[in-house]
Structures are given as C-alpha cells and as structure tokens.
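Any value given below was found using the heavy atoms of this structure, including those in side chains, with hydrogens, waters and symmetry copies removed.
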Amino acid sequence: MDIRIEKTEKAIRNAFLELRAAKPLEKITVRELCSLACINKSTFYSHYEDIYALSQTLESETITAVLTNISRQQEAPFKDPDVFTRNLYIALVSNHSLINILFSGTEKSHLGDCLEAELKRLIKENFPKYQNDPEKDIMLSFCIQGCFHAYLNNQDKDLDMLIRVSEVIVQKLAPLYIKE
C-alpha cells in the first residue's frame, strides 16, 4: 500500500477512535472527523462510504482479532470448553481498549451478537453435527453470551476469579452439548 494512503488511513482511524471515545457513534460527523484527521471530506469518502462503514470496518477487525487470539491459544478451540472460555476472556482483555471504545453505549450488545455469530459459524465448521441441532445452538448461545456479558459486566473484578467461575459453569454445561 502506498505510504500516503497508509498515513491517511491511520489518521482517519485515530481521529475516529478519539471521537468515538468521547461520544456516541450517531453524534460523530464526517466534518469533525476530517478536521481532526487533517483531511478533506472527499479523502474520507474515497476510503469509506460513511461513518457507519468506518465503524463497521473497525468492529469487524476487532472481532477478527478476538477470534484470532482465541485460535492462536489452542489447536482445537471448541473441543475443550473450559480452555476455550479462558481463551475467550484473554482475547477480550487483549482487545479491551478497542472493545470499550467501539462497542460502548448502544453498540455494547452488538459485540456479543457478532462474537456469537462468528463463534457459532466456526464451531459448526469444526463440528458439522451441530449444524441443525437446536439444543446445541441454544446451549452455544447461552455459553457465548454468558461469558461475554460476564466479562462486560465484571471488568472491575478480579479477572482470574471471573475466569475460574466461568470455567466451572462451562464445565458443568459441557456434557449437555458436547458428546464425544
């Protein structure tokens, strides 16, 4: 990529994150973002359709980073659910700053929904028998959303305790949805 394009992209993203940290997504204007990034509006629009497209790009990249962190931590991410739970928390903590900026306010539950959709997609790829099993689908929703909301609502608590409690819960639930 051309160095000028890279610099512009970085300026746009940094300006957006600075604005997003201070206000809700719907209150950010292209004009103020361009002013902060020291670019003109046509430059912004050559990179993104609108503020929402920029936000969506950064959200997708953050979700991909979380999923990549989970996959890096274990070979078969969905075989051992308590280890998977630990790795999910570690991945969320590793992306804590971006998560808290991009998914704050009305966007808070959006991350949980996106994580659930992507994790289910990956799980069903690895375990095709889950594809048309409504019980397993509900159990996966419960576990993924439960871990996500436990993380979201307990960020001020001891992370090791949060992980330990979640691992115990997932271990108890695992026999209901993982039958070898």
Novice: Quick one: does Asp137's side chain get under 4.5 Å of Lys124's, heavy atoms only?
Specialist: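 Yes, at least one pair of side-chain atoms sits under 4.5 Å.
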Novice: Does Ile63 share a hydrophobic cluster with Tyr52, counting links as ILVMFWY side-chain heavy atoms below 4.5 Å and allowing steps through other members?
Specialist: yes
Novice: Within this structure, what is the CG-CD distance for the pair Leu162 and Glu167, rounded to the nearest 0.5 Å?
Specialist: 10.0 Å
Novice: Testing the basics here: between Asn100 and Ser104, what is the closest heavy-atom pair and its distance to 0.1 Å?
Specialist: O-CB, 3.2 Å
Novice: Go through the steps to decide whether Leu92 and Leu115 satisfy the test side chain to side chain contact (heavy atoms under 4.5 Å, CB included), and finish with yes or no.
Specialist: CA-CA 10 Å; Leu92 289 169; Leu115 276 176; 3.9 Å; yes
Novice: Should Leu19 and Leu33 be marked as a side chain to side chain contact (heavy atoms under 4.5 Å, CB included) after you check the CA-CA gap, both sets of side-chain angles, and the distance that decides it?
Specialist: CA-CA 7 Å; Leu19 290 168; Leu33 184 139; 3.9 Å; yes
Novice: Could you give me the CA-CA distance, side-chain angles and deciding distance for Glu118 and Arg121, then say whether salt bridge (Lys or Arg N to Asp or Glu O under 4.0 Å) is met?
Specialist: CA-CA 5 Å; Glu118 282 303 302; Arg121 185 186 61 74; 2.9 Å; yes
Novice: Under a 4.0 Å threshold between the charged nitrogen and the carboxylate oxygen, would Lys10 count as salt-bridged to Glu6?
Specialist: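 Salt bridge between Glu6 and Lys10, a charged N being under 4.0 Å from a carboxylate O: no.
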Novice: I need the Leu140 CG to Glu135 CD distance, nearest 0.5 Å.
Specialist: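 Answer rounded to 0.5 Å: 12.0 Å.
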Novice: To the nearest 0.5 angstrom, please state how far the CZ atom of Phe44 sits from the OG1 atom of Thr8.
Specialist: 12.5 Å
Novice: Should we count NZ of Lys23 as having more than 12 external heavy atoms under 6.0 Å?
Specialist: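 Atom NZ in Lys23 is packed in, count exceeds 12.
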Novice: Without swapping roles, check the side chain of Asp133 against the backbone of Lys136 for a donor-acceptor pair under 3.5 Å.
Specialist: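 Looks like yes, one N/O pair under 3.5 Å.
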Novice: If we only count heavy atoms from C-beta on, is the Ile99 to Val66 side-chain gap below 4.5 Å?
Specialist: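 Side chain of Ile99 against side chain of Val66, heavy atoms only: contact under 4.5 Å found.
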Novice: With a 4.5 Å cut-off on side-chain heavy atoms, are His47 and Ile5 touching?
Specialist: yes
Novice: So Tyr151 and Tyr89, would you call those rings parallel, tilted or perpendicular, with 30° and 60° as cut-offs?
Specialist: tilted
Novice: Please report the closest heavy-atom contact between Arg13 and Thr57, naming both atoms and the distance.
Specialist: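 Shortest heavy-atom separation between Arg13 and Thr57 comes out as NH2-CG2, 3.7 Å.
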Novice: What distance do Glu32 atom CD and Glu18 atom CD have between them, rounded to the nearest 0.5 Å?
Specialist: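 The CD atom of Glu18 is 10.5 Å from CD of Glu32, to the nearest 0.5 Å.
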Novice: Are Ile138 and Leu119 linked, directly or through intermediate hydrophobic residues, by side-chain heavy-atom contacts shorter than 4.5 Å (ILVMFWY only)?
Specialist: no
Novice: Looking only at heavy atoms, what is the nearest atom pair of Asp156 and Asn153, with distance?
Specialist: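 Of all heavy-atom pairs spanning Asp156 and Asn153, the closest is OD1-O, 4.3 Å.
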Novice: Compare all side-chain heavy atoms of Val168 with those of Val165 and state whether any distance is below 4.5 angstrom.
Specialist: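 No - every pair of side-chain heavy atoms lies 4.5 Å or more apart.
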Novice: Do Phe16 and Leu25 come within less than 4.5 Å of each other through their side chains, counting heavy atoms only?
Specialist: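 Result yes, sub-4.5 Å side-chain heavy-atom pair found.
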Novice: One pair to check against side chain to side chain contact (heavy atoms under 4.5 Å, CB included): Val83 and Arg86. What are the steps and the verdict?
Specialist: CA-CA 5 Å; Val83 173; Arg86 174 175 290 278; 5.6 Å; no
Novice: Report yes if some heavy atom in the side chain of Thr85 is under 4.5 Å from a heavy atom in the side chain of Gln171; otherwise report no.
Specialist: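 No, their side chains stay 4.5 Å or more apart.
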Novice: Look only at the side chain of Gln145 and the backbone of Gly112, and say whether a donor-acceptor pair between them is shorter than 3.5 Å.
Specialist: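 Yes; at least one donor-acceptor contact below 3.5 Å.
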Novice: What heavy-atom pair brings Ala150 and Asn154 nearest, and what distance separates the two atoms?
Specialist: O-ND2, 2.8 Å
Novice: Given Leu111 and Thr62, is the side chain to side chain contact (heavy atoms under 4.5 Å, CB included) satisfied, shown in steps?
Specialist: CA-CA 9 Å; Leu111 175 61; Thr62 303; 5.5 Å; no
Novice: Give, for atom CG of Leu159 and atom OG of Ser166, the distance between the pair rounded to the nearest 0.5 Å.
Specialist: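 These two atoms lie 9.5 Å from each other.
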Novice: Do Leu102 and Leu17 come within less than 4.5 Å of each other through their side chains, counting heavy atoms only?
Specialist: yes
Novice: Say you draw a straight line from CG of Leu67 to SG of Cys114; how long is it, rounded to the nearest 0.5 Å?
Specialist: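 So the CG of Leu67 and the SG of Cys114 are separated by 10.0 Å.
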Novice: Could you give me the CA-CA distance, side-chain angles and deciding distance for Gln56 and Ser60, then say whether side-chain hydrogen bond (donor to acceptor under 3.5 Å, both in side chains) is met?
Specialist: CA-CA 6 Å; Gln56 179 61 46; Ser60 294; 3.1 Å; yes
Novice: Measuring only between side-chain heavy atoms, which start at C-beta, is Ile51 closer than 4.5 Å to Val30?
Specialist: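 Yes, at least one pair of side-chain atoms sits under 4.5 Å.
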Novice: Taking CG in Asp158 as the centre, count heavy atoms belonging to other residues, nucleotides or ligands within less than 6.0 Å. Is the count above 12?
Specialist: yes
